[in-house]
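Here's the structure, in structure tokens; my notes come after.
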Amino acid sequence: MRIASDQPDTAMKARSSNHVSRNLDEIDLKILAEIQADGRITNVELAKRVGISPPPCLRRVRALEEEGYIHGYRGLLDARKLGFDVTVFAAVHLSSQAEADLRAFEEFVRAEPLVRECWMLSGEVDFILKCVAPDMATFQDFVTHLTAAPHVRNVRTSLVLHNSKYEAAVPLDVKGRR
């Protein structure tokens, strides 16, 4: 099976911004579920699990990749075992919501290795960041850097005490899908 890059290209991003570019049939959904469960599955095993032969299975996987349903393949690592003992959510409020300022903040965040996720929100908070750090001193240094970034009005942080659920997969089995 071909391994797609972790960062979709511009054309793929444009296609994947549509809600659904085509109707997915039961086999497509089975393929997506199996790949989510095991990104290292071989095409032969995938085909067996979804009930089709390997050549059409591979064609379907490639089509799902090209249409942006599959953004990439990666291993999920244990941050704590790798020495990143601190996980913090940072709520960032900007002093300006002008498009150029929002984009500048997004560029700033993309360059910060401690920021693992960045979500633009509606409401009082402009962005929520999920950050990891090896220790509180490192995270505090990052917060000092973050608060000094252009157009940052304030930052509120919440230290993660415990994670009750971590599910990186999309819930394909939820009823009522369009």
Side-chain angles (χ1 to χ4, degrees), residues 2-22 24 32 35-36 39 63-172 174 176-178:
R2 184 174 72 82
I3 302 297
S5 70
D6 286 337
Q7 296 299 320
D9 64 18
T10 305
M12 185 180 289
K13 285 181 185 175
R15 283 190 301 272
S16 66
S17 66
N18 297 335
H19 179 65
V20 175
S21 60
R22 68 176 169 99
L24 299 176
L32 292 173
I35 288 174
Q36 270 195 144
L64 291 166
E65 290 171 347
E66 289 169 6
E67 293 169 8
Y69 289 99
I70 301 171
H71 282 249
Y73 303 87
R74 62 183 67 165
L76 298 174
L77 307 180
D78 186 315
R80 288 189 181 267
K81 286 190 177 193
L82 292 166
F84 292 89
D85 293 328
V86 175
T87 301
V88 179
F89 286 90
V92 179
H93 186 198
L94 302 180
S95 59
S96 167
Q97 284 72 39
E99 188 70 23
D101 298 333
L102 295 171
R103 298 298 160 237
F105 180 76
E106 289 176 325
E107 286 179 31
F108 168 84
V109 168
R110 277 193 286 276
E112 295 299 324
L114 297 183
V115 178
R116 305 317 306 153
E117 294 182 40
C118 174
W119 298 85
M120 183 188 293
L121 306 176
S122 64
E124 291 190 28
V125 172
D126 295 307
F127 291 91
I128 190 84
L129 311 178
K130 179 183 176 187
C131 306
V132 297
D135 52 51
M136 283 305 294
T138 303
F139 180 72
Q140 186 57 48
D141 288 344
F142 168 71
V143 170
T144 300
H145 178 60
L146 176 62
T147 57
H151 307 291
V152 171
R153 179 184 294 172
N154 64 47
V155 176
R156 290 188 334 257
T157 61
S158 297
L159 178 67
V160 172
L161 301 176
H162 173 73
N163 182 341
S164 299
K165 181 177 181 179
Y166 174 72
E167 195 65 46
V170 175
L172 295 172
V174 172
R177 251 187 343 267
R178 291 183 179 200

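As the structure is a prediction and not an experimental result, all values here were calculated from the model.
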### Task
Output, in order, the C-alpha distance, side-chain angles, deciding distance and verdict of side chain to side chain contact (heavy atoms under 4.5 Å, CB included) for Val88 and Val143.
CA-CA 11 Å; Val88 179; Val143 170; over 6 Å; no
### Message
Working to the nearest 0.5 angstrom, can you tell me the gap between Glu112 CD and Leu129 CG?
### Response
10.0 Å
### Task
Apply side chain to side chain contact (heavy atoms under 4.5 Å, CB included) to the pair Lys130 and Val160, showing each step before the final yes or no.
CA-CA 10 Å; Lys130 179 183 176 187; Val160 172; over 6 Å; no
### Pairwise distance CG(Leu64) to CG(Leu24) - rounded to 0.5 angstrom
6.5 Å
### Query
Minimum heavy-atom separation for Tyr73 to Gly39, with atom names?
CD2-O, 3.7 Å
### Query
Stepwise, does the side chain to side chain contact (heavy atoms under 4.5 Å, CB included) test hold for Tyr166 with Leu76?
CA-CA 11 Å; Tyr166 174 72; Leu76 298 174; 3.8 Å; yes
### Message
To the nearest 0.5 Å, what is the distance between OG1 on Thr87 and CZ on Arg80?
### Response
6.0 Å
## Note on the structure
Distance col, row Ile128:CD1 vs Cys118:SG, nearest 0.5 angstrom, shows 9.5 Å
### Task
Specify the closest pair of heavy atoms between His93 and Glu124, including all atoms of both residues, with the distance to one decimal.
CD2-O, 3.5 Å
#### Entry: Closest approach of Val125 to Ala91 (non-hydrogen atoms, all atoms of both residues)
CG1-CB, 3.8 Å
### Message
Looking at every non-hydrogen atom in both residues, tell me the closest pair between Leu114 and Ala133 and how far apart they are.
### Response
CD2-CA, 4.1 Å
### Query
Can you name the one residue among Phe105, Phe89, Trp119 that meets ring pair (Phe, Tyr, Trp, His ring centres under 6.0 Å) with Phe127?
Phe105
### Task
Ignoring hydrogens and angles, tell me if any N or O in the side chain of Asp126 forms a donor-acceptor pair with the backbone of Leu94 under 3.5 Å.
yes
### Summary
Nearest heavy-atom approach of Ser164 to His162 is OG-CD2, 3.5 Å
### Query
Any donor-acceptor pair under 3.5 Å linking the side chain of Arg116 with the backbone of Cys131?
no
### Query
Stepwise, does the side chain to side chain contact (heavy atoms under 4.5 Å, CB included) test hold for Thr138 with Phe142?
CA-CA 6 Å; Thr138 303; Phe142 168 71; over 6 Å; no
### Task
Enter the distance from Arg103:CZ to Glu107:CD here, rounded to the nearest 0.5 Å.
9.5 Å
#### Entry: Taking every non-hydrogen atom, the tightest pair across Ser96 and Leu102
O-CD2, 4.4 Å
### Query
Distance from Gln36 atom CD to Ile70 atom CD1, nearest 0.5 Å?
9.5 Å
